Amino acid sequence: MLKTVFKKLLGDRHEREARKLQPLIAEINARTEELASLSDDELKAQTDRFRARIEEATGPFQVRIGELREEKRHTESASDRDRISASIRDEEDAFKEALEAVLEEILPDAFATVKATCQRLKGQDIQVTGQTLVWDMVPYDVQLIGGIALHRGKATEMATGEGKTLVATMPVYLNALAGRGVHLVTVNTYLAQRDSEWMGYIYRFLGLSVDCIDLHEPGTPERRAAYAADITYGTNNEFGFDYL
């Protein structure tokens, strides 16, 4: 009885979490409106601006990690190597914390940049798996919520037709800015190819590279190049095969 009353008053957990995100959603939408006045080149330049902020926040840690690894390579003492290894782990933890913090800082601008790009593409003819489509997708607020949840490492459930493909573009773009590569796993080859081509219009507009491992034979230079892209689509079977 009390549980039912509290649920009516406060909403279920999903509703409460969604309400908490409303200020952030409003900020993303406000930033999107501001970006509407930019030229295509100015909008594309957002990517370099974000990367510069990430480098400023994480660069010192990467330099220190490189120095420690070089020191370890030239150290013969086992105890000294263990000490250096411990220092490397500490620096790597600090790097991850700094990266997480800066990505959270630029999230509103990065998500707004993707949304503004979708608005810029609206009405354009695009080619997806040999078919001509008209771009008509711009993220709704509920899709912004889904993208935030994915970036923050939470499981997100959406029904067929609710826009999972578009939802993923925002956290994928944000995390790809770090230059460490982002892998998006799908359940079959058709979806991997379709989504890499379809959503690739957003990524390439913003200066990122995208590929699909399922389109290339294992062990080939093309397959390795697909892994070297900023964003790599593929199926669970192919990713798992390559890993093993």
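Predicted, not measured: the structure shown is a model, and the values here were computed from it.
Y227 and V185 fall within a single hydrophobic cluster, where Ile, Leu, Val, Met, Phe, Trp and Tyr side chains are chained together by heavy-atom contacts under 4.5 Å.
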Item to complete: Might you work through the side chain to side chain contact (heavy atoms under 4.5 Å, CB included) test for I213 and H183, ending with a clear yes or no?
Response: CA-CA 10 Å; I213 60 170; H183 295 168; over 6 Å; no
Discussion item. One pair to check against side-chain hydrogen bond (donor to acceptor under 3.5 Å, both in side chains): Q131 and Q127. What are the steps and the verdict?
Written reply: CA-CA 5 Å; Q131 303 295 317; Q127 294 293 318; over 6 Å; no
Worksheet entry | Trace of the side-chain hydrogen bond (donor to acceptor under 3.5 Å, both in side chains) decision for T232 with D211 | CA-CA 5 Å; T232 305; D211 208 334; over 6 Å; no
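Formation of a donor-acceptor pair under 3.5 Å by the R31 side chain with backbone atoms of P108 is not found in this model.
Counting all heavy atoms, side chain and backbone alike, S77 lies closest to S79 at OG-OG, 3.0 Å. When all heavy atoms of L99 and A178 are compared, the pair lying nearest together is CD1-CB, 3.8 Å. Looking at every heavy atom in both residues, H216 comes nearest to R223 through O-NH1, 2.6 Å. Contact detail for I202 and C118: the closest heavy-atom pair is CD1-SG, 3.6 Å. Contact between F61 and E91 at its shortest, heavy atoms only, is CD2-OE1, 3.6 Å. Between P139 and L166, the shortest heavy-atom distance links the atoms N-CD2, 3.7 Å.
Electrostatic pairing of E100 and R152 does not count as a salt bridge here, judged by no charged N lying under 4.0 Å from a carboxylate O. The existence of a salt bridge linking R73 and E70 is confirmed by a sub-4.0 Å separation between a basic side-chain nitrogen and an acidic carboxylate oxygen.
For the atom pair CZ of R120 and CG of L206, the computed distance is 10.0 Å after rounding to the nearest 0.5 Å. Here the straight-line distance linking atom OH of Y190 with atom OG1 of T235 works out to 15.0 Å at 0.5 Å rounding. Taking CG of L208 as the reference point, atom CZ of R51 lies at 5.0 Å (rounded to 0.5 Å).
You'll find the ring centres of H151 and F111 outside the 6.0 Å limit.
In E67, the CD atom is crowded: over 12 heavy atoms of neighbouring residues, nucleotides or ligands sit closer than 6.0 Å.
Judged by distance alone, the side chains of T75 and D80 never bring a donor and an acceptor atom under 3.5 Å apart.
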